[in-house]
**Q** 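Here it is: the structure, laid out below.
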Amino acid sequence: MLVSAFGKVKADDVLSQTVARYTVYMHGLRAMYLDVTYSDSHLRYIAAVQGKTVGLIGLFLSGNLSMHAEGNITDRGFVKPETFTFSDDFHHREQQLQMVYKKDVPVVVKENPHDIGREVITSQERTGAVDMLAALIEVLEQVKITHRCAEINGLLFDGRRLSTLQVHAPQQNMPLSVDVLNVPGKETLRCDFVLHQIRGFMPSEPGKPSKLHQLQPGYIWFQNIPTMGVVVSRLELQHPKMGRIVLVLRKYHHKH
């Protein structure tokens, strides 16, 4: 779920490269490592995330996930995504999904297996929606440009589910956990957000609507780290089914 902006594909345009590792916690237990590699350059992004379950949760739910996204960034810090791919092999069941964008509409060109019975989302409903990596890139770019939490109201589409995303400055201060900022840096910024799935539900039992109808509040911390610039140092999300999910930046290195 974490991402930063890459540079242009051309080697001579790439300014630098950063490799970061995040630890993911579920129900307070270490559950997964996420490795993120990114490079900075002008008006272009490529985002890559590799994840692997670990710890006690990994014993019961072993698996890997992979995400990749590409697109452009306007000079005002808004994204124009081009492609998004996702795969995982949890529950000994491999899933693959690939999307391309056609005139601001995300279109699924590959889905394996196909979710039988899932609510259909029309192209009109998907218009203007972006994938989760593109959304995080836009939030990051807005923070870099404005040095504050920009008000964002958008749509997320992961290939199967359509959700609204609202990002705003904190309405009140929230105490920081001791492991929020275990990396050097001087500037820290927290933004609040709310996810809300609105379409793409699977059939549920009569009289028992899916828990995914509930709002999913979250918080994201940005930190200005020497030699790296602004990065995501922590993210929290209250998921209706998985509970509290926390991602914490643990290790990183920077190449020129």
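Note that the structure is a prediction, hence the values are computed from the model and not measured.
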**Q** Under 3.5 Å, is there a donor on one side chain and an acceptor on the other for Q98 and Q96?
**A** no

**Q** Side-chain contact test, heavy atoms from C-beta onward, threshold under 4.5 Å: evaluate it for V231 versus F222 and give yes or no.
**A** no

**Q** Please confirm whether the backbone N or O of G200 pairs with a side-chain atom of E119, one donor and one acceptor, at under 3.5 Å?
**A** yes

**Q** On a heavy-atom basis, which atom in L140 and which in V230 lie closest, and how many Å separate them?
**A** CD1-O, 3.7 Å

**Q** Any side-chain heavy-atom pair from H168 and C149 closer than 4.5 angstrom?
**A** no

**Q** With sequence neighbours excluded, what pairs up with K80 under the salt bridge (charged side-chain N to carboxylate O under 4.0 Å, His left out) test?
**A** D104

**Q** Which atoms form the tightest heavy-atom contact between S123 and V105, and what is the distance?
**A** O-CG1, 3.9 Å

**Q** E138 versus V130: any side-chain heavy-atom pair under 4.5 Å?
**A** no

**Q** Only counting residues at least two apart or in another chain, list the ones meeting side chain to side chain donor-acceptor pair (under 3.5 Å) with Q50.
**A** S66

**Q** Would a 4.5 Å heavy-atom cut-off, applied to side chains only, mark Y219 and R234 as touching?
**A** no

**Q** To the nearest 0.5 Å, how far apart are CZ in R93 and CG in D88?
**A** 9.0 Å

**Q** Excluding sequence neighbours, so at least two apart, what forms salt bridge (charged side-chain N to carboxylate O under 4.0 Å, His left out) with R118?
**A** D115

**Q** Hey, does W221 have a side-chain heavy atom less than 4.5 Å from the side chain of E236?
**A** yes

**Q** For V248 and Y22, what are the C-alpha separation, side-chain angles and deciding distance, and is it a side-chain contact (heavy atoms from CB on, under 4.5 Å)?
**A** CA-CA 5 Å; V248 181; Y22 294 84; over 6 Å; no

**Q** Which atom pairs, donor and acceptor, lie under 3.5 Å between side-chain atoms of residues 153-162 and protein residues at least two apart or in another chain?
**A**
{"residue": "N153", "atom": "OD1", "partner": "Q166", "partner atom": "NE2", "Å": "3.2"}
{"residue": "D158", "atom": "OD1", "partner": "R160", "partner atom": "N", "Å": "2.8"}
{"residue": "D158", "atom": "OD1", "partner": "R161", "partner atom": "N", "Å": "2.6"}
{"residue": "D158", "atom": "OD2", "partner": "R161", "partner atom": "NE", "Å": "3.0"}
{"residue": "D158", "atom": "OD2", "partner": "R161", "partner atom": "NH2", "Å": "3.0"}
{"residue": "R160", "atom": "NE", "partner": "E111", "partner atom": "OE2", "Å": "2.8"}
{"residue": "R160", "atom": "NH1", "partner": "Q95", "partner atom": "OE1", "Å": "2.8"}
{"residue": "R160", "atom": "NH2", "partner": "P113", "partner atom": "O", "Å": "3.1"}

**Q** Find out whether I245 and V24 are in side-chain contact, i.e. whether some heavy atom of one side chain is under 4.5 Å from a heavy atom of the other.
**A** yes

**Q** Should I152 and L237 be counted in the same cluster of Ile, Leu, Val, Met, Phe, Trp and Tyr side chains packed under 4.5 Å apart?
**A** yes

**Q** Got a second to check how far K52's NZ is from N64's CG, nearest 0.5 Å?
**A** 4.5 Å

**Q** Apply the test side-chain contact (heavy atoms from CB on, under 4.5 Å) to residues E141 and I137: give CA-CA distance (whole Å), side-chain angles for both, the deciding distance (0.1 Å), then the verdict.
**A** CA-CA 6 Å; E141 291 299 315; I137 290 169; 4.1 Å; yes

**Q** Is it true that a side-chain atom of R126 and a backbone atom of P106 form a donor plus acceptor pair closer than 3.5 Å?
**A** yes

**Q** When rounded to the nearest 0.5 angstrom, what is the spacing between CG in L195 and CD in Q214?
**A** 13.5 Å

**Q** Taking the six-membered ring of Y33 as reference, does the cationic atom of R21 (NZ for Lys, CZ for Arg) lie under 6.0 Å from its centre and within 45° of its axis?
**A** yes

**Q** Can a side-chain donor-acceptor contact be found between Y101 and D131 if the only test is distance below 3.5 angstrom?
**A** yes

**Q** Is there a side-chain contact (heavy atoms from CB on, under 4.5 Å) between M132 and M67 once you walk through the steps?
**A** CA-CA 10 Å; M132 64 187 75; M67 288 186 281; 3.8 Å; yes

**Q** So if you build clusters from Ile, Leu, Val, Met, Phe, Trp, Tyr with side-chain heavy-atom gaps below 4.5 Å, do Y45 and I145 land together?
**A** no

**Q** Which atoms form the tightest heavy-atom contact between M26 and A31, and what is the distance?
**A** CG-CB, 4.0 Å

**Q** Please assess L212 against K241 for the test side-chain contact (heavy atoms from CB on, under 4.5 Å), listing each intermediate value before the final yes or no.
**A** CA-CA 7 Å; L212 294 175; K241 290 187 174 181; 4.2 Å; yes

**Q** Report yes if the side chains of L247 and T23 come closer than 4.5 Å at any heavy-atom pair, otherwise no.
**A** no

**Q** With sequence neighbours left out, write down each residue that passes side chain to side chain donor-acceptor pair (under 3.5 Å) with N72, or none if nothing qualifies.
**A** R44, E82

**Q** Can you tell if the side chain of I220 reaches within under 4.5 Å of the side chain of L136, non-hydrogen atoms only?
**A** yes

**Q** With the 4.5 Å side-chain cut-off for hydrophobic clustering, are V194 and L165 part of the same group?
**A** no

**Q** Return yes if some donor-acceptor pair links the side-chain N/O of T53 with the main-chain N/O of G63 below 3.5 Å, else return no.
**A** yes

**Q** Going from NZ on K144 to CG on N224, what distance comes out if it is rounded to the nearest 0.5 angstrom?
**A** 10.0 Å

**Q** Write down the atom of C191, the atom of V167, and the distance for their closest heavy-atom approach.
**A** CB-CG1, 4.2 Å

**Q** Give me the atom names and distance for the closest heavy-atom approach of D192 to A169.
**A** OD2-O, 4.5 Å

**Q** Any sub-3.5 Å donor-acceptor pair from H147's side-chain atoms to Q142's backbone N or O?
**A** no

**Q** Would you please classify the geometry between the F84 ring and the F86 ring as parallel, tilted or perpendicular, with 30° and 60° separating the classes?
**A** parallel

**Q** For F201, enumerate each residue passing the ring pair (Phe, Tyr, Trp, His ring centres under 6.0 Å) test, keeping only those at least two apart in sequence or located in another chain.
**A** H213

**Q** Around E151, counting heavy atoms of other residues, nucleotides and ligands shown, do more than 12 lie under 6.0 Å from its CD?
**A** yes

**Q** Hey, quick one: are F78 and L43 part of the same hydrophobic cluster, counting side-chain heavy atoms closer than 4.5 Å, chains of contacts allowed?
**A** no

**Q** For residues V108 and L133: do they belong to one hydrophobic cluster (side chain heavy atoms under 4.5 Å, members Ile, Leu, Val, Met, Phe, Trp, Tyr)?
**A** yes

**Q** So which heavy atom on G117 is nearest to which on P203, and how close?
**A** O-CD, 3.3 Å

**Q** CD/Q216 to NZ/K211 distance, rounded to the nearest 0.5 angstrom?
**A** 12.5 Å

**Q** Mind checking the CD-CG spacing from Q223 to L249? Nearest 0.5 Å is all I need.
**A** 8.0 Å

**Q** For the pair R199 (side chain) and V120 (backbone), establish whether a donor and an acceptor sit closer than 3.5 Å, ignoring hydrogens and angles.
**A** yes

